[in-house]
Structure formats: structure tokens, C-alpha cells
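Whatever order the structure lists ligands and atoms in, that order sets their numbers, starting from 1.
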Amino acid sequence: MERTLGIIKPDAVSKNVIGKIISIIEENEIKIKAMKMVKLTEEQAKGFYYVHKDKPFFNDLIKFMTSGPVVLMLLEGENVIERWRKIMGVTDPAKADEGTIRKLYGTDIEKNAVHGSDAPETAEYETKYFFNALEVC
Ligand code: CMP
């Protein structure tokens, strides 16, 4: 069993597709062990995306991620880090496979509907960044 962090980003929340994305998660036998909807502060978003702090898109990414509510989810399942990334599709929705969440609901390479941790170490950091032990069922 593995855990990862999933985020439904502000573009998908404003498109009213939270339920559709959760259905896809459940249809894929992934368990939601914790979930909350929050509007991130600039400080919280910057801390979460600190690995991208030197990238040219960093400021726009922070602006986007704080532009509206997000849904944070702690996901659990077998091989869930890799499986959730496959279900999401690649970063750029225009290049994502048919049927993936980013193809279905993403807007562009920045506003790409969902996030998933990319490796076990990042999954550990990211799940603990947003959820404490008492919040995980
Ligand atoms: P995410 O999987 O949340 O991880 C980092 C985010 O940065 C990514 O999704 C996109 O939202 C954004 N991102 C990555 N590459 C680019 C890019 N080339 N231009 C703009 N935004 C990007």
C-alpha cells in the first residue's frame, strides 16, 4: 500500500467537476483517506511548490493556485503514486491521452486540473505538508 497527495486545482473546482474527478478516483479502486477544501495562502502555495521556485512559471503558478479553492486529498492504494499520475495524464492537457483527467478537464499547461506527487519522497513531503495524523482516516 502506498500513499500520495492529490489536488483538484482551482480551474477544475470552478468548472464544477469535483464530483466527476472523485468518481474517477473511486472507479480506479483508490481510497480517499483524508480530504479538505481550502483556499491556499500565498505562503502555503510557495511552500508547497518550493522545488519550482526558480522556474520561470513560478509566480504565475502561485497566482493560479491561490486564485480559488482547491480540494486536497490523501490517496491510498497499491502503486498509487504511479497509477494516479497515469489517471491524471501528462502535465500539458493538450498532450495528455484521451480519457485522462487533464485531457477531460484541464485548461492549459499551468491550469491543468489536478496535481499528484511524482515520487515516494515527494508524496511523503506533500501528504504531511497538508494533513496531520489526526486528519487521516
Ligand atoms: P503540477 O503537477 O501541480 O506541478 C507543477 C505545476 O507547475 C504543474 O502541475 C503545472 O501546473 C505547472 N507547470 C509545469 N510546467 C509548466 C510550464 N512549462 N508552464 C507553466 N506552468 C507549468
Counting distance only, does the side-chain N/O of Glu124 pair as donor-acceptor with the main-chain N or O of Glu121 below 3.5 Å?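 Between the backbone of Glu121 and the side chain of Glu124 there is no qualifying donor-acceptor contact (under 3.5 Å).
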Strictly below 4.0 Å, N to O, side chains only: are Glu76 and Lys33 in salt-bridge contact? yes
May I ask whether Glu126 has any heavy atom positioned less than 4.0 angstrom from an atom of ligand 1?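 No; Glu126 lies far enough from ligand 1 that no heavy-atom distance drops under 4.0 Å.
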Is the shortest distance from a heavy atom of Met65 to ligand 1 less than 4.0 Å?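 Per 4.0 Å heavy-atom rule, Met65 does not contact ligand 1.
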Take Tyr125 and Tyr50, measure what ring-ring contact (aromatic ring centres under 6.0 Å, His included) needs, and give me the verdict at the end. CA-CA 11 Å; Tyr125 173 79; Tyr50 80 98; 5.5 Å; yes
Number the atoms of ligand 1 from 1 as they appear, then name those within less than 4.0 Å of a heavy atom of Tyr49, with their elements. 1 (P), 3 (O), 4 (O), 5 (C)
Numbered atoms of ligand 1 (with element) below 4.0 Å of Leu61, judged on heavy atoms: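 That gives atoms 6 (C), 7 (O), 11 (O), 12 (C) of ligand 1.
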Can you pull out the closest protein heavy atom to [atom]? Residue, atom name and distance to 0.1 Å, please.
atom	answer
atom 2 (O) of ligand 1	Arg102 NH2, 3.2 Å
atom 17 (C) of ligand 1	Phe57 CD2, 3.5 Å
atom 10 (C) of ligand 1	Ile109 O, 3.3 Å

So Phe48 and His115, would you call those rings parallel, tilted or perpendicular, with 30° and 60° as cut-offs?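 Ring orientation of Phe48 relative to His115: perpendicular.
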Does Val71 reach the side chain of Met73, with side-chain heavy atoms less than 4.5 Å apart? yes
Are any non-hydrogen side-chain atoms of Leu74 and Arg3 less than 4.5 angstrom apart?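 The answer is yes, as the side chains (C-beta and beyond) meet within the 4.5 Å cut-off.
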Would you kindly say whether Thr41 and Lys46 are connected by a side-chain donor-acceptor distance under 3.5 Å?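 No, no side-chain donor-acceptor contact under 3.5 Å.
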Is there a donor-acceptor contact under 3.5 Å linking the side chains of Thr66 and Glu42? no
Taking distance alone, with no angle check, do Thr91 and ligand 1 share an N/O pair under 3.5 Å?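 No, Thr91 has no N/O under 3.5 Å of an N/O on ligand 1.
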Distance-only N or O hit between ligand 1 and Glu110, under 3.5 Å: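 N/O-N/O distance below 3.5 Å exists for this pair.
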Ligand 1 versus [X], non-hydrogen atoms closer than 4.0 Å: side chain, backbone, both, neither?
X	result
Met88	neither
Lys9	side chain
Lys111	neither

